[in-house]
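Below: one structure, written as structure tokens.
Chain letters run A, B, ... following the sequence lines, proteins first and then strands; every chain starts at 1.
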Amino acid sequence: MTETRIDKRFQDLKAEGRPALVTFISAGDPDFETSKEILLGLPSAGADIIELGMPFSDPMADGPAIQESSIRALKAGQNMSKTLQLVSQFRQVDIKTPIVLMGYYNPIYVYGPERFLEAASKAGVDGLIVVDLPPEADDELCIPAMDHGINFIRLATPTTDSVRLPMVLKNTSGFLYYVSITGITGSKAPDVSKVHEHIERIKVRTNLPIAIGFGVKTGEQAKNIAKGANGVVVGSAIVNAIRDSLDTDGGATQKTVSRTLDVVKDLSRALTA
Amino acid sequence: MPLILDLERAYNEARSDAGCDAELNDLLAHYAGRPSPLYYAQRLTEHLREVATKDGQTGGAKVYFKRDELNHTGSHKINNCLGQILLARRMGKTRIIAETGAGQHGVAVATVCARFGLPCEIFMGATDVERQKPNVFRMNLLGAKVHAVTSGAGTLKDAMNEALRDWVSNVENTYYIIGTAAGPHPYPELVRDFQSVIGNELRQQMMEREGRLPDTLVACIGGGSNAIGLFHPFLDDAEIEIYGVEAGGHGIDVPNGHAASMSGGSPGVLHGNRTFLLQNEDGQILEGHSISAGLDYPGVGPEHAWLKETGRVNYVPATDKEALTAFQLCTRLEGIIPALEPSHALAFVTKLAPTLPRDNLLVMNMCGRGDKDIFAVAGHLGMDI
């Protein structure tokens, strides 16, 4: 496949000699307009790659923080069309920052995989992470996505053994998302030395950039864990900042955008320091 | 994925191990109380023949119940739990988790965990914990820890999400006993195999009673484990008519007012399988509604979806009201208090049997007993107990 914004971004960062800060928010959390403001502010706050969650009613790989974020977005009326709209509005302002849509397969399946890929590609989506589609189902979305110039990014976990790893790597492009713990997003902090041990094992098998996520909350942690990898993903800590800024009815306040971007700035500062 | 691949491997090994089979059969016989009787529901049959006569018809099938409500713990759920706990032990797992809706599966899991001395944690939606207090107490008595799940709407699908989250977090030592014929492969297959004891026994029992196979099979469907257990051994007998009865709730025309994923849902992907789901136009999963907590799963086992598409099995809904009427009819005519789940199957039987000839052998799976439902039924009938 041809070079994507994701490939380009990792090459540039490699030249700069620093890891990518990959940030996660749910599209439409806490509402469409506020979410758009946050999204537009992410690149200058230090996000190198943006993961945008496609809200789903049953996010079984996610912990409470991202579950709640997903539910806030759905309650505010977010749906697949609006998520794609959000991306295309972002693209009118920013043509460099890669956007990876992350979520579960059912909303894509119901939208229609082919129709979805066309719309995503047109909107300016660069990558997809669909956590409940294993490599056994690559024909379903992964391979068609590549045909549309969209990277399909797969997760490897501590339970991905040497037998399974080649299967996971086979059609992965853009980068490999290494899940630092066995479990769900936003849980216990990972054991850094163990993570690095696994990463080294994976590096022998692939030249893909590796970003590490799940359980990374602070700048200090991000910095330590990013050593030896090409990027670090932070999600729960950012969506918790959104949650903490809301009024008692769950509505956005004047602080919502700035508080959320402050968290990203802190992470970015720690990573570049 | 590696965890479910491990499970598949272990299951395939266990299947070809005669010792494992013998132990399961022994437990089914002496612990669960199998085979469950095949009972001729004579008074119900006569009643439905009278109904037919009043309608100017001469029909009225001969109605039998396969009495899985007589199993230990009061439903068919124990069949699958015994099979899976042997598998867990074989895989060296030391901790068991499960999801439950009404609590029947949770009680069965807690029971086998007590029997095998394994610690057990059950995930149950907070709403269901409130609705099904007696079963929560039973699970506690059996030594299980019950987690009230508050995420989502606090019902069965949320409990399943939470159990999956726990499983991926504790995969090293934990075995997840899924109760229905859904979830990621190989669960639908192994639940079906463990439940097929129902249909296999029926084949033999009907041959002994009537000298031939049944003509019509009826079972209720939530996720579909009791139904697939009854149907599966008969799928190749093309002349047998098979009906799965879904929870029609307030009626399948009422948005989000039923739990009939096949009659009133659409294709989707959830919990690792492609099937029919209750969902909105954006692919968000709906809660659904049924008078019976055991039927309000928003999906259905993938094999049922396939049997619907091939047309081998007919899927029909029965409403809350129809189930409640059938519940009372069966209690009065047969002295059997059915669970609200098979009351849906029974509701359909009361419509179907009068239209069939008198020599038609109809078997309905009485998959659970109604003791757990007496409070809910009293509420619906406007009585205080």
Chain B interface, residue from Pro107(A), Ser70(A), Ala137(A) that has the most non-hydrogen pairs under 4.5 Å: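 Winner by heavy-atom pair count: Pro107(A).
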
Heavy-atom cut-off 4.5 Å, strictly under: side chain, backbone, both or neither for [X] against chain A?
| X | answer |
| --- | --- |
| Leu277(B) | side chain |
| Glu281(B) | backbone |
| Pro267(B) | both |

Sole candidate of Asp58(A), Asn106(A), Leu74(A) that passes side-chain contact (heavy atoms from CB on, under 4.5 Å) when paired with Gln284(B):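 Option passing the side-chain contact (heavy atoms from CB on, under 4.5 Å) with Gln284(B): Leu74(A).
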
Rounded to the nearest 0.5 Å, what separation is found between the [atom1] atom of [X] and the [atom2] atom of [Y]?
| X | Y | atom1 | atom2 | result |
| --- | --- | --- | --- | --- |
| Ser57(A) | Lys157(B) | OG | NZ | 5.0 Å |
| Glu162(B) | Met60(A) | CD | CE | 12.5 Å |
| Glu136(A) | Leu5(B) | CD | CG | 6.0 Å |

Residue-level contacts of residues 108-117 of chain A with chain B, using a heavy-atom cutoff under 4.5 Å: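 From residues 108-117 of chain A, the residues near chain B are Tyr109(A), Val110(A).
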
Partner residues of Asn80(B) under the side chain to side chain donor-acceptor pair (under 3.5 Å) criterion, sequence neighbours left out: Gln84(B)

Is [X] close to chain B through its backbone or its side chain, or both, or neither, when contacts mean heavy atoms under 4.5 Å?
| X | value |
| --- | --- |
| Glu140(A) | side chain |
| Pro59(A) | both |
| Leu133(A) | neither |

More than 12 heavy atoms from other groups under 6.0 Å of CD on Glu13(B):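 Above 12, so yes.
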
Stepwise side chain to side chain contact (heavy atoms under 4.5 Å, CB included) check, Phe56(A) with Ile285(B): CA-CA 8 Å; Phe56(A) 183 48; Ile285(B) 311 304; 3.8 Å; yes

Under 3.5 Å donor-acceptor, Arg165(B) side chain and Ala61(A) backbone: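 Not at all, since once roles are kept as given, no pair shorter than 3.5 Å links the two residues.
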
Choice from Asn161(B), Asp166(B), Asn280(B) maximising heavy atom contacts with chain A below 4.5 Å: Asn161(B)

